[in-house]
> 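This is the structure I have questions about; it appears just below.
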Amino acid sequence: MNKKNKLMTFFSNLGRSLMMPIAALAACGIVLGLTAALTKPQVLEAIPFLASPVVFFIISSLKTVSNIVFTLMPVLFSISIALGMAKEDKGTAAFAGFIGYYTFLVACSLTVNSGIMDFSSLRIANILGVDTVDMGATAGIIAGLVTAALHNKYHKIQFPAAVAFYGGKRFVALITIVVMAGLGLALPFVWSPISAAINGCGSLISAAGSFGVFIFGTLERLLIPTGLHHVLNSLFRTTPLGGVYQGVEGCLNIFLQFIDKVPLADLRPYTQYLGQGKMPFMMFGLPAAALAIYRTSPEDKKPKVKALMIAGVAASFVSGITEPLEFSFMFIAPVLFLFHSIMGGLSFMLMSVLGVAIGNTGGGIIDFFIWGVFQPGSNWYWVLVVGAIYAVVYYTVFKWYLTKKQISIDVADADDMGDDDKLTLNEKEEKLAAKIIECLGGRDNIVVVNNCISRLRVDLKDMALVNEEGFKTTGSLGIIKPSDKHIQIIYGPKVEKIADTVREVLKY
């Protein structure tokens with residue numbers, strides 16, 4: 001594999017791994033947002049029942065428990081990256097990821113407290129009981145990457161009989177402790193300039209004002225085909241690129257840790273990189289585009305296109321998962337995808353300019369209500385105003401372009417897989433998985449199967465054996481080949497079940 005392919009595969013795997021804790025935190029964020037809204041003075045005054053001792057205790061407890069999860073972001077990253085980027089024995093890698101992160105914290109603490117030199121310029125905090133250098137999510141990312149690399153290299157190492165006990169999986173933890181201890185002892189000496197550089201980039205982006213937000217939003221969409229938008233989002237959400245507020249780094253961390261502590265207006269500089277920028281095009285723009293795609297489809301294709309568009313609109317509108325819709329036109333009409341990306345950037349910019357303050361990571365109706373409508377001072381109504389305009393613009397542009405170019409999406413007939421009427425649900429799922437394995441070139445061609453929120457991600461031995469057309473009969477919305485050894489098949493929200501079944505069938 002050449003360097004370009006290795007780099008694309010690395011970032012693709014990293015993006016997938018970062019999504020595990022982000023998705024979990026987003027779910028906790030919904031609980032936090034709802035409980036934070038219910039404990040607002042305005043809400044308690046309007047609904048006195050919520051202020052009763054028992055009810056208020058339950059709500060406050062849920063808020064406290066859900067809030068504490070966000071302080072664990074670095075350790076979640078260290079575990080999830082080690083787990084996601086390990087090729088085999090993922091449980092061992094995840095275990096080593098935590099050990100590596102904690103060893104790193106302790107080693108950094110030893111250097112800082114050694115008196116060798118003045119480290120007062122570094123931010124020191126108590127993390128998991130250790131007074132150490134506070135690197136935020138960066139420390140977790142470093143620990144996860146190093147652990148995954150060590151695990152993939154040494155998890156099958158064999159030693160002579162006298163010390164054979166310490167070989168294989170057990171050696172991963174040992175080598176991780178040694179390497180992470182060395183990194184931890186050395187890192188305080190080099191972190192100051194690195195931290196300054198990261199903060200400087202964040203300041204430049206902030207100084208760019210609305211234009212900086214536009215660039216972020218446009219890139220966030222443009223990177224969708226590569227899967228690297230997860231990396232971009234994670235950097236802004238968890239590092240100083242997304243801002244620093246009272247020592248907390250990253251726009252998502254800042255928002256979730258201070259939503260119930262400071263006026264919402266104070267958090268607007270950070271919510272501009274979060275869910276609010278997605279809502280106009282996720283809830284209004286893309287559904288209108290779907291209508292245009294349906295209406296411009298030939299009559300004989302409309303029933304199948306209608307079913308696909310309804311599923312895509314539901315995913316986008318409710319949960320903010322846009323890939324089922326985006327991949328329906330991304331490759332047949334790349335000009336429309338470029339238009340959509342620019343409109344995405346404008347959406348982020350407009351929400352910022354209009355003073356909207358709606359946080360969390362999703363752009364669907366759930367986040368709109370919990371973090372917008374239920375939060376006094378969020379200015380949520382601007383989403384509806386801009387969204388209505390977006391619906392008209394998207395519908396007009398998509399219908400005009402598709403009609404002019406005489407383009408229609410091609411939906412394969414899933415019935416090509418045969419008569420499934422007499423099969424049980426499990427049998428249908430296994431038959432689908434078998435078909436996917438066949439399209440991937442057979443089980444002997446598959447190295448490892450993973451997935452993110454909407455994509456089946458598979459490492460292969462030989463890309464030439466892949467049957468791209470065959471995937472259409474499995475319900476795939478499109479495929480991406482970031483490298484000649486890695487393929488991503490788009491299935492939308494149902495992908496997790498598909499991935500689980502494929503892995504199960506591969507074990508037979």
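Just the heavy atoms: all of them, side chains too, but no hydrogens, waters or symmetry mates, feed the values below. Keep in mind that this is a model prediction, so the values were computed, not measured.
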> May I ask you to decide if L105's main-chain N or O and T132's side chain share a donor-acceptor pair within less than 3.5 Å?
yes
> State which residues pass side-chain hydrogen bond (donor to acceptor under 3.5 Å, both in side chains) with N152; sequence neighbours excluded, sorted by chain then number.
none
> By salt bridge (charged side-chain N to carboxylate O under 4.0 Å, His left out), which residues pair with K87, not counting sequence neighbours?
none
> Name all residues meeting the side-chain contact (heavy atoms from CB on, under 4.5 Å) criterion together with L62; count only those two or more places apart in sequence or in a different chain, and write none if there are none.
V31, T35, I58
> Going by the rule side-chain contact (heavy atoms from CB on, under 4.5 Å), which residues pair with V392 if we only count those two or more places apart in sequence or in a different chain?
T396
> Provide the closest heavy-atom pair for R455 versus I490 in the form atom of the first, atom of the second, distance.
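For R455 versus I490, the nearest heavy atoms are CG-CD1, 3.4 Å.
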> Looking only at non-hydrogen atoms, find the nearest pair between S347 and Y390 and report the distance.
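Answer, listing the atom of S347 first, then Y390: N-OH, 3.0 Å.
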> Counting only N and O atoms by type, is there a donor-acceptor contact under 3.5 Å from the side chain of Q272 to the main-chain atoms of F348?
no
> Minimum heavy-atom separation for I489 and S476, please, with both atom names.
CG2-OG, 3.3 Å
> Give me the atom names and distance for the closest heavy-atom approach of A391 to A288.
O-CB, 3.1 Å
> Check whether any side-chain N or O of K399 sits under 3.5 Å from a backbone N or O of A292 as a donor-acceptor pair, and report yes or no.
no
> Only counting residues at least two apart or in another chain, list the ones meeting ring-ring contact (aromatic ring centres under 6.0 Å, His included) with F281.
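H340.
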> Where the side chain of D459 meets the backbone of H486, is there a donor-acceptor pair that is under 3.5 Å apart?
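No: the side chain of D459 does not pair with the backbone of H486.
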> I want to check something: taking the side chain as every heavy atom from C-beta on, are V448 and V458 in contact at a cut-off of under 4.5 Å?
no
> With side-chain contact (heavy atoms from CB on, under 4.5 Å) as the test, would you mind laying out the steps for V75 and Y102 before giving the verdict?
CA-CA 8 Å; V75 69; Y102 199 79; over 6 Å; no
> Using the salt bridge (charged side-chain N to carboxylate O under 4.0 Å, His left out) criterion, which residues pair with K306? Sequence neighbours excluded.
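Expected list: none.
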> Among all residues two or more places apart in sequence or in another chain, which pass the side-chain contact (heavy atoms from CB on, under 4.5 Å) test with V373?
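side-chain contact (heavy atoms from CB on, under 4.5 Å) list for V373, sorted by chain: F368, F369, W380.
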> What's the spacing between F77 CZ and I142 CD1 if we round to 0.5 Å?
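Those atoms lie 13.0 Å apart.
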> Does V356 form a side-chain contact (heavy atoms from CB on, under 4.5 Å) with M279? I'd like the steps, not just the answer.
CA-CA 11 Å; V356 178; M279 291 174 181; over 6 Å; no
> Going by atom types alone, do T474 and Y491 pair a side-chain donor with an acceptor below 3.5 Å?
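Yes.
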> Can you name the nearest heavy-atom pair linking I81 to G144, along with the distance?
CG2-C, 3.6 Å
> Which residues pass the side-chain contact (heavy atoms from CB on, under 4.5 Å) test with P287, sequence neighbours left out?
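side-chain contact (heavy atoms from CB on, under 4.5 Å) check on P287 returns V313.
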> Is there a donor-acceptor pair closer than 3.5 Å between any side-chain N or O of N113 and the backbone N or O of S109?
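It does hold such a pair.
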> Please find out if less than 6.0 Å separates the ring center of F398 from that of F329.
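Between F398 and F329, the centre distance is under 6.0 Å.
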> When you look at M282 and F317, which way does the side-chain contact (heavy atoms from CB on, under 4.5 Å) test go after all the steps?
CA-CA 6 Å; M282 285 186 174; F317 186 80; over 6 Å; no
> Checking side-chain contact (heavy atoms from CB on, under 4.5 Å) for the pair T176/V146: CA distance, chi angles, key distance, verdict?
CA-CA 8 Å; T176 298; V146 172; over 6 Å; no
> Taking ring-ring contact (aromatic ring centres under 6.0 Å, His included) as the definition, give me every residue that meets it alongside Y381, ordered by chain and number, with sequence neighbours left out.
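For Y381, no residue satisfies ring-ring contact (aromatic ring centres under 6.0 Å, His included) once neighbours in sequence are set aside.
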> Give a yes or no on whether the backbone of F57 and the side-chain of S60 come within a donor-acceptor separation of less than 3.5 Å.
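Not a single qualifying donor-acceptor pair exists.
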> Who passes ring-ring contact (aromatic ring centres under 6.0 Å, His included) against F104, sequence neighbours left out?
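Listed in chain order: nothing, the list is empty.
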> With distance as the sole test, does R457 use its side chain to make a donor-acceptor pair with the main-chain N or O of N451 at under 3.5 Å?
no
> Would you name the heavy atoms of G377 and L264 that are closest together and state the gap between them?
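Here G377 and L264 meet closest at C-CD2, 3.8 Å.
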> Are side-chain heavy atoms of M351 and V213 found at a separation under 4.5 Å?
no
> Under a 3.5 Å distance rule, please check whether T147 uses its side chain to pair with a backbone N or O of A143 as donor and acceptor.
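Answer holds: yes.
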> Check whether more than 12 heavy atoms from other residues, nucleotides or ligands sit under 6.0 Å from atom CZ of F95, and answer yes or no.
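No, because the 6.0 Å sphere around CZ of F95 holds 12 heavy atoms or fewer from other groups.
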> The criterion is salt bridge (charged side-chain N to carboxylate O under 4.0 Å, His left out); which residues satisfy it with D500, sequence neighbours excluded?
R503
> Do the rings of Y273 and F236 sit parallel, tilted or perpendicular, given the 30° and 60° boundaries?
tilted
> Report yes or no: does N253 contribute a side-chain atom to a donor-acceptor pair with the main-chain N or O of E249 at less than 3.5 Å?
yes
> How many angstroms lie between NZ in K261 and CG in L267, if you round to the nearest 0.5 Å?
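Between K261 NZ and L267 CG, I get 10.5 Å after rounding to 0.5 Å.
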> Which pairs would a plain distance check flag for residues 216-224, meaning a side-chain donor or acceptor within less than 3.5 Å of a matching protein atom at least two apart in sequence or in another chain?
unit_1: T218; atom_1: OG1; unit_2: F214; atom_2: O; d: 2.9
unit_1: E220; atom_1: OE2; unit_2: N233; atom_2: ND2; d: 3.1
unit_1: R221; atom_1: NH1; unit_2: T322; atom_2: OG1; d: 3.0
unit_1: R221; atom_1: NH1; unit_2: E326; atom_2: OE2; d: 2.6

> Taking M349's backbone N and O only, do any of them form a donor-acceptor pair with S210's side chain (distance below 3.5 Å, no angle check)?
no
> Heavy-atom count check: over 12 atoms from other residues, nucleotides or ligands less than 6.0 Å from F211 CZ?
no
